[in-house]
There are 2 protein chains.
Amino acid sequence: MNVMNDSPRRKELTRQAAQLFVQEGFDRTTVRMLAQEMGIKSGSLFHHFRDKQEILAAVIEEGTQNALVIAKAALEECDNSAEARLQAMARAHLETLLTDRNAHVVALYEWRRLDPEARDHLSHLRDAYEALWEEVIDAALAEGLIHGDRFLVARFVMGALNWTVRWYDPAGPRSPDDLAHELVAMITHRV
Amino acid sequence: MNVMNDSPRRKELTRQAAQLFVQEGFDRTTVRMLAQEMGIKSGSLFHHFRDKQEILAAVIEEGTQNALVIAKAALEECDNSAEARLQAMARAHLETLLTDRNAHVVALYEWRRLDPEARDHLSHLRDAYEALWEEVIDAALAEGLIHGDRFLVARFVMGALNWTVRWYDPAGPRSPDDLAHELVAMITHRV
DNA sequence: GATTTACACTAGCGCTTGCTTGGTTGACCC
DNA sequence: GGGTCAACCAAGCAAGCGCTAGTGTAAATC
């Protein structure tokens with residue numbers, strides 16, 4: 001058994017698993033279905049992952065890690081104004097929804113299927129991502145760009161953004177940049 | 001078999017099923033677990049519901065129907081200003097999250113486990129609810145209370161509100177009314 | 001040339017699943 | 001006091017589940 005590495009092979013299998021988890025849901029996806037999608041037999045699957053749970057954890061870890069990297073990069077590239085940073089975060093968030101949609105949908109819907117150890121590990125990753133948001137929102141509050149309760153504003157914004165996976169159509173007329181712009185315009189009170 | 005009625009007994013069983021579906025998720029909740037929670041044997045369950053799917057549909061229908069009734073009542077009770085109506089809708093939404101929390105969480109997370117016929121039927125109910133929101137948002141746009149794209153504003157607001165089931169603690173210091181007030185303040189641009 | 005490693009295979013164990021069947025119970029009704 | 005009916009039960013079926021054991025093999029490493 002070859003568990004817990006991050007070979008390119010395992011990454012590819014993880015990506016395929018994510019797709020099936022979205023289509024069927026974690027519980028309804030059997031190891032036999034996963035194996036068939038991957039072009040191997042069900043027994044061979046356990047060479048790459050300790051058990052079915054670990055596949056779920058791998059999918060979510062991959063997506064969250066990418067989101068974190070992209071958000072950090074976006075913040076480094078933009079100017080220092082609170083508005084530019086808000087917009088950069090929103091756009092980055094929506095862009096990962098495009099490139100890593102499957103993983104994010106899984107993270108959203110199947111989070112509770114993780115066993116406690118995996119959940120603990122992954123929630124640290126997620127906290128790191130949310131901390132970026134809170135930092136940006138704090139700056140916007142301090143600048144008077146937005147008003148209200150720090151905690152509530154952060155949750156409302158993350159809610160609006162996360163909800164986009166339910167309706168956003170990447171093939172439609174609106175770009176992630178359009179959406180980010182519209183969201184920021186909605187919550188900012190310009191002077 | 002006694003399927004498709006709406007006896008008080010069935011309503012009570014539906015309520016108990018909702019609780020289990022939230023705790024365990026639909027797929028992991030077995031008919032034996034449901035029966036035990038209800039104080040009957042697993043076979044008896046199929047006297048009240050045609051199959052497991054129908055229990056899920058009943059849970060979601062119940063919650064959505066209640067939300068619709070409450071929202072309509074709230075709109076009738078408040079004055080005609082766009083701001084008052086926005087706030088009434090938001091408060092009503094958050095209040096159903098308190099009283100019917102289980103059903104709404106199930107609707108959110110297990111919607112995709114519905115078979116196509118049930119999904120079709122229930123999406124009409126949900127559309128009726130969302131239509132109320134769009135009406136109120138249109139009025140607010142027309143009054144200049146909020147700005148932006150009609151479609152996007154509606155989705156962002158619903159996202160922020162629906163997301164509250166992930167973090168809102170009814171036992172905490174904030175009332176649904178506080179939240180509704182804060183949300184409306186966030187998105188309105190007063191003159 | 002021998003050994004190890006990575007990856008795949010077949011076969012199947014022990015258990016759980018949603019649901020069916022055939023029958024019993026007790027309250028109510030004319 | 002026979003008939004009706006919702007509500008329930010015990011038992012079990014066929015199918016499917018996650019996972020293990022043991023084996024084969026080509027490439028990499030010594």
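Order of the sequence lines fixes the chain letters, A, B, ..., with proteins taken first and strands second; residue numbering starts at 1 for each chain.
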Exercise for the section: Please state how far atom CG in B/L56 lies from atom P in C/dC19, giving the value in whole angstrom units. Expected result: 12 Å
Practice task
Carefully, step by step, assess B/E134 and B/R155 under the rule salt bridge (charged side-chain N to carboxylate O under 4.0 Å, His left out).
Solution key: CA-CA 9 Å; B/E134 278 163 13; B/R155 252 121 206 110; 3.6 Å; yes
Practice task
Rounded to the nearest angstrom, tell me the gap between atom CG in B/L45 and atom C1' in D/dA10.
Solution key: 15 Å
Completion exercise
Per atom distances to the B/S44 side chain, the nearest of D/dT20, D/dC9, C/dG18 is D/dC9
Exercise for the section: Keeping the roles fixed (side chain from B/H121, backbone from B/E117), state whether a donor-acceptor pair exists under 3.5 Å. Expected result: no
Would you be so kind as to tabulate the donor-acceptor pairs closer than 3.5 Å made by side chains of residues 57-77 of chain A, with sequence neighbours excluded?
| residue | atom | partner | partner atom | Å |
| --- | --- | --- | --- | --- |
| A/T64 | OG1 | A/I60 | O | 2.8 |
| A/N66 | ND2 | A/D100 | OD2 | 2.7 |

Exercise for the section: Check the distance between D/dC17's P and A/Q53's CD and give it to me in whole angstrom. Expected result: 17 Å
Problem - Pi-cation contact, B/F26 with B/K52 (under 6.0 Å, within 45°) - result: yes
Exercise for the section: Quickly work out the A/R10 CZ to C/dC7 P distance and round it to whole Å. Expected result: 12 Å
Handout entry: Nucleotide C/dT16, atom C1' - distance to NZ of A/K52 in whole Å
Key = 13 Å
Exercise for the section: Take atom CZ of B/F46 and atom C1' of C/dC19, then tell me their distance rounded to the nearest Å. Expected result: 5 Å
Handout entry: Residues in contact with DNA chain D, drawn from residues 30-43 of chain B - heavy-atom cutoff 4.0 Å
Key = B/R32, B/I40, B/K41
Practice task
Figure out the CZ/C1' separation between A/F26 and D/dC17, and round it to whole Å.
Solution key: 13 Å
Exercise for the section: Counting heavy atoms from C-beta on, name the nucleotide in D/dC9, D/dA7, C/dG18 closest to the side chain of B/H48. Expected result: D/dA7
Problem - Residue-phosphate contact under 4.0 Å: B/R28 side-chain N/O, D/dC17 OP1/OP2 - result: no
Exercise for the section: If the plane angle is over 60° it's perpendicular, under 30° parallel, otherwise tilted; pick one for A/H93 and A/Y129. Expected result: tilted
Exercise for the section: Would you tell me if any nitrogen or oxygen in the side chain of B/H47 comes within less than 4.0 Å of OP1 or OP2 on D/dA7? Expected result: yes
Fill in the blank from the handout: When rounded to whole Å, the CG to C1' distance for the pair A/D27 and D/dG16 reads 14 Å
Exercise for the section: Answer yes or no: is there an ion pair linking B/D149 with A/R174, defined by an N-O contact shorter than 4.0 Å? Expected result: yes
Handout entry: A/E37 with A/R15: basic N within carboxylate O range, under 4.0 Å
Key = no
